[in-house]
Amino acid sequence: TPVMSKDRNFREHAVYVGAMHNFSPNLSGNIRVGASYTDYYNDSTQGASYTPYAAGDVKYTYAPDSYVDVGFSYDRNATDVVGLLGSGSYTVDSQSAVLFVNVNHRITPQIFASLIAQFQNNIFNGGIYNNDTEQYYMAGLDFEYRFNQYVSAHLGYDYDRLESPDIGRTYDRNRVYIGVTASY
């Protein structure tokens with residue numbers, strides 16, 4: 001029996017408590033912790049499930065328009081992995097833990113640079129890949145020239161690495177881009 005994309009549709013409801021605090025004019029943080037309830041309404045073989053939910057970050061502003069932001073999150077996410085078993089069971093989603101660092105720096109009033117790094121660990125739910133993991137690493141560098149508050153030009157580089165030996169889809173990817181952003 002083929003697995004259709006609608007078979008893996010789900011509704012997720014999260015309940016959490018959180019706090020935001022300014023430790024000083026330059027240092028702030030926030031945290032949210034709770035749980036999410038997930039219902040796979042198109043699949044009668046999947047029961048509803050509960051998952052921990054957490055997110056938070058600490059932001060330090062070290063100069064005008066320049067800051068370091070460090071954070072984490074843990075939640076249930078959709079996945080492109082199907083992992084179909086002969087019994088009809090398939091991978092429905094994954095639980096992801098993410099750590100990130102984002103540095104934004106104003107070089108001049110019009111030129112900005114940003115550096116981002118991220119690590120993500122996924123644990124798959126259901127199917128042949130149940131409880132298997134994969135890790136995703138990402139690093140990026142972006143330079144921005146702001147013509148005005150509405151239009152800017154970008155030049156950047158991103159590196160992605162997916163390590164997925166259990167599934168067999170490990171890869172590296174390099175991306176270079178140049179573009180213009182318009183906002184209103």
Side-chain angles (χ1 to χ4, degrees), residues 3 5-20 28-40 43 46 48-60 67-85 89-105 112-144 154-177 179 181:
V3 178
S5 61
K6 69 176 183 170
D7 295 338
R8 300 192 315 164
N9 286 355
F10 63 88
R11 289 186 192 101
E12 181 181 22
H13 304 280
V15 175
Y16 60 87
V17 296
M20 295 171 48
S28 64
N30 76 75
I31 188 164
R32 296 178 302 279
V33 293
S36 65
Y37 169 81
T38 306
D39 174 28
Y40 302 89
D43 184 0
Q46 291 292 325
S49 62
Y50 294 90
T51 305
Y53 169 82
D57 74 310
V58 174
K59 184 176 180 180
Y60 176 69
Y67 62 87
V68 177
D69 191 15
V70 178
F72 70 94
S73 68
Y74 186 89
D75 198 2
R76 184 175 291 264
N77 295 299
T79 181
D80 62 329
V81 173
V82 177
L84 183 63
L85 278 175
S89 173
Y90 50 86
T91 303
V92 292
D93 60 18
S94 68
Q95 294 179 38
S96 301
V98 178
L99 298 172
F100 71 87
V101 175
N102 186 7
V103 179
N104 285 295
H105 183 75
F112 295 80
S114 66
L115 175 66
I116 187 166
Q118 178 179 311
F119 168 76
Q120 179 174 328
N121 186 64
N122 293 320
I123 302 172
F124 297 104
N125 297 314
I128 196 169
Y129 301 119
N130 191 46
N131 292 322
D132 284 347
T133 64
E134 69 180 12
Q135 293 75 39
Y136 173 72
Y137 303 86
M138 190 274 290
L141 177 63
D142 178 79
F143 292 98
E144 175 185 14
H154 294 264
L155 172 65
Y157 168 76
D158 290 332
Y159 172 76
D160 302 311
R161 167 99 179 142
L162 180 69
E163 292 186 4
S164 186
D166 296 333
I167 298 174
R169 62 182 198 159
T170 297
Y171 67 85
D172 291 290
R173 178 172 49 203
N174 294 284
R175 294 176 287 165
V176 176
Y177 61 88
T181 301

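- In terms of the side chain to side chain contact (heavy atoms under 4.5 Å, CB included) criterion, residue partners of Thr79 (sequence neighbours excluded) are, by chain and number, Arg8, Val81, Thr91, Ser94, Phe124.
- Within 6.0 Å of OH on Tyr171 lie more than 12 heavy atoms contributed by other residues, nucleotides or ligands.
- Applying the side chain to side chain contact (heavy atoms under 4.5 Å, CB included) rule to Thr181 yields the partners Ser152, His154; only residues at least two apart in sequence or on another chain are considered.
- Put simply, the side chain of Tyr136 does not reach to within 4.5 Å of the side chain of Val98, judged on heavy atoms.
- Shortest non-hydrogen contact noted between Ser49 and Tyr40 is OG-CE1, 4.3 Å.
- Atom OG1 of Thr38 sits about 4.5 Å away from atom CD of Glu12, to the nearest 0.5 Å.
- Here the CG-CG distance, from Asp160 to Asp172, works out to 9.0 Å after rounding to the nearest 0.5 Å.
- For Ala113, the side chain to side chain contact (heavy atoms under 4.5 Å, CB included) partners two or more places apart in sequence, or in a different chain, are Ile107, Phe143.
- Looking at Tyr53 and Asp75, their side chains never bring a donor and an acceptor atom within 3.5 Å of each other.
- Checked by atom type, the side-chain pair Arg76/Ser36 shows no donor-acceptor distance below 3.5 Å.
- With a 4.5 Å cut-off on side-chain heavy atoms, Phe112 and Asn104 do not count as touching.
- For the pair Val15 and Tyr37, the minimum side-chain heavy-atom distance is 4.5 Å or more.
- Residues Val33 and Tyr16 have side chains not in contact (no heavy-atom distance under 4.5 Å, counting atoms from C-beta outward).
- Rounding to the nearest 0.5 angstrom, the gap separating the CG atom in Leu162 from the CE atom in Met138 is 13.5 Å.
- In this structure, the separation between OG1 on Thr51 and OH on Tyr74 is 7.0 Å, given to the nearest 0.5 Å.
- Going from atom CD of Gln120 over to atom CG of Leu99 covers 10.0 Å, rounded to the nearest 0.5 Å.
- Across all non-hydrogen atoms, the minimal contact from Tyr177 to Leu141 is OH-O, 4.0 Å.
- Counted by atom type alone, Asp93 and Asn77 present zero donor-acceptor pairs between their side chains at under 3.5 Å.
- If you take CD1 on Ile123 and CG on Asn131, they are separated by 7.5 Å, rounding to the nearest 0.5 Å.
- A 4.5 Å side-chain heavy-atom check between Val58 and Tyr60 finds every atom pair outside the cut-off.
- Proximity of Thr170 to Arg161: side-chain heavy atoms (C-beta onward) are separated by under 4.5 Å at one or more points.
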